[in-house]
Q: 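I have a structure here, written as structure tokens, and I will follow up with some questions on it.
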Amino acid sequence: QVQLVESGGGSVQAGGSLRLSCAASGATDSRSVMAWFRQTPGKQRDGVAAIDGDGFTAYADSVKGRFTISKDNAKNILYLQMNNLKPEDTAMYYCASALSSRLGNSLLLRRGSYNYWGQGTQVTVS
């Protein structure tokens, strides 16, 4: 089992920045594909950004150029740097980990590709 714990959420004004962190523990594999998803009440959980075992990254169109996903393999921590935040970025953000070190490009931002999930951290942009 893999445990994921997110942190770094909060309230920020439009145009501001936040950095989310996700600490992984348990039966972790530093090469596992990991990702960030977000969800607002009543809507589905959508993929925001993903990174695979080779460092390949993928982003949702809505965050390209503003968000950056990265990973510290030595510390088993996943990050999401979010710049130029907009009110529509308001959501609960979840960290996810897959069993694979590689996924097809079309699968990187799909919820069903991931096996482990954190409890989420709230981001509110006003």
Q: Is there a side-chain contact between Val33 and Leu108 in this structure, where contact means two heavy atoms from C-beta onward sitting under 4.5 Å apart?
A: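 Touching, per the 4.5 Å side-chain cut-off.
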
Q: Measuring from Tyr93:OH to Leu20:CG, what's the distance to the nearest 0.5 Å?
A: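 Interatomic distance, Tyr93 OH to Leu20 CG, rounded to 0.5 Å: 7.5 Å.
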
Q: Disulfide (SG to SG under 2.5 Å): which pairs involve residues 85-126, sequence neighbours left out?
A: Cys22-Cys95

Q: Just to verify, what does Lys43 make a salt bridge (charged side-chain N to carboxylate O under 4.0 Å, His left out) with, not counting sequence neighbours?
A: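 With neighbours one apart ignored, the set is empty.
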
Q: Could you pull out the closest heavy-atom pair between Asp46 and Gln44, with the gap in Å?
A: OD1-NE2, 3.0 Å

Q: For Gly9 and Val123, which heavy atoms make the closest approach, and how far apart are they?
A: CA-CG2, 4.2 Å

Q: Under 4.5 Å between any side-chain heavy atoms of Lys71 and Tyr79, yes or no?
A: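 When only atoms from C-beta onward are counted, Tyr79 and Lys71 do not touch, as no gap falls below 4.5 Å.
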
Q: Mind jotting down which residue pairs meet the salt bridge (Lys or Arg N to Asp or Glu O under 4.0 Å) criterion with at least one end in residues 91-100? Sequence neighbours excluded, please.
A: none

Q: Indicate, with yes or no, if Leu85 and Ile69 share a hydrophobic cluster defined by side-chain heavy-atom contacts under 4.5 Å among Ile, Leu, Val, Met, Phe, Trp and Tyr.
A: yes

Q: Nearest 0.5 Å, what's the CG-OG distance between Asn76 and Ser25?
A: 8.5 Å

Q: Any pair with a residue in residues 23-68 that passes disulfide (SG to SG under 2.5 Å), sequence neighbours left out, goes on the list, sorted by first then second residue, please.
A: none

Q: Just to verify, what does Glu88 make a side chain to side chain donor-acceptor pair (under 3.5 Å) with, not counting sequence neighbours?
A: none

Q: Got a sec, which residues hit salt bridge (charged side-chain N to carboxylate O under 4.0 Å, His left out) with Asp89, two or more places apart in sequence or on another chain?
A: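 So Asp89 forms a salt bridge (charged side-chain N to carboxylate O under 4.0 Å, His left out) with Arg38, Arg66.
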
Q: Among pairs that include at least one residue of residues 33-60, which meet ring-ring contact (aromatic ring centres under 6.0 Å, His included), considering only residues two or more places apart or in two chains?
A: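 ring-ring contact (aromatic ring centres under 6.0 Å, His included) check on residues 33-60 returns Phe37-Tyr114, Phe37-Trp117.
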
Q: Would you please name every residue forming a side chain to side chain donor-acceptor pair (under 3.5 Å) with Gln3, sequence neighbours left out?
A: none

Q: Taking a hydrophobic cluster as the set of Ile, Leu, Val, Met, Phe, Trp and Tyr residues connected by side-chain heavy atoms closer than 4.5 Å, whether directly or through intermediates, do Val63 and Leu109 fall within one such cluster?
A: no

Q: Which heavy atom of Ala91 sits nearest a heavy atom of Thr40, and at what distance?
A: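 Closest pair (atom of Ala91, atom of Thr40, distance): CB-CG2, 3.7 Å.
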
Q: Under the salt bridge (charged side-chain N to carboxylate O under 4.0 Å, His left out) test, which residues partner Asp54, sequence neighbours left out?
A: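 By the salt bridge (charged side-chain N to carboxylate O under 4.0 Å, His left out) rule, Asp54 matches Arg31, Arg102.
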
Q: Tell me, which pairs form a disulfide (SG to SG under 2.5 Å) where one or both residues lie in residues 44-90, sequence neighbours left out?
A: none

Q: Quick one: are Met34 and Leu4 in side-chain contact, heavy atoms under 4.5 Å?
A: yes

Q: To the nearest 0.5 angstrom, please state how far the CG atom of Leu107 sits from the CG atom of Asp52.
A: 12.0 Å

Q: How long is the gap from OG on Ser32 to CG on Leu99, to the nearest 0.5 Å?
A: 7.0 Å

Q: Minimum heavy-atom separation for Ser113 and Asn115, please, with both atom names.
A: O-OD1, 3.9 Å

Q: Just to verify, what does Gln119 make a side chain to side chain donor-acceptor pair (under 3.5 Å) with, not counting sequence neighbours?
A: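 Checked Gln119 against side chain to side chain donor-acceptor pair (under 3.5 Å); zero matches.
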
Q: Quick one, Leu80 with Thr68, criterion side chain to side chain contact (heavy atoms under 4.5 Å, CB included). Give me CA distance, side-chain angles, the key distance, then yes/no.
A: CA-CA 6 Å; Leu80 184 68; Thr68 303; over 6 Å; no

Q: Pair up each side-chain donor or acceptor in residues 12-19 with any protein partner under 3.5 Å, not counting sequence neighbours, and list the distances.
A:
unit_1, atom_1, unit_2, atom_2, d
Ser17, OG, Asn83, OD1, 2.9

Q: Would you compute the distance between atom NZ of Lys86 and atom OG of Ser62 and round it to the nearest 0.5 angstrom?
A: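 Atom-to-atom, Lys86:NZ and Ser62:OG are 8.5 Å apart.
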
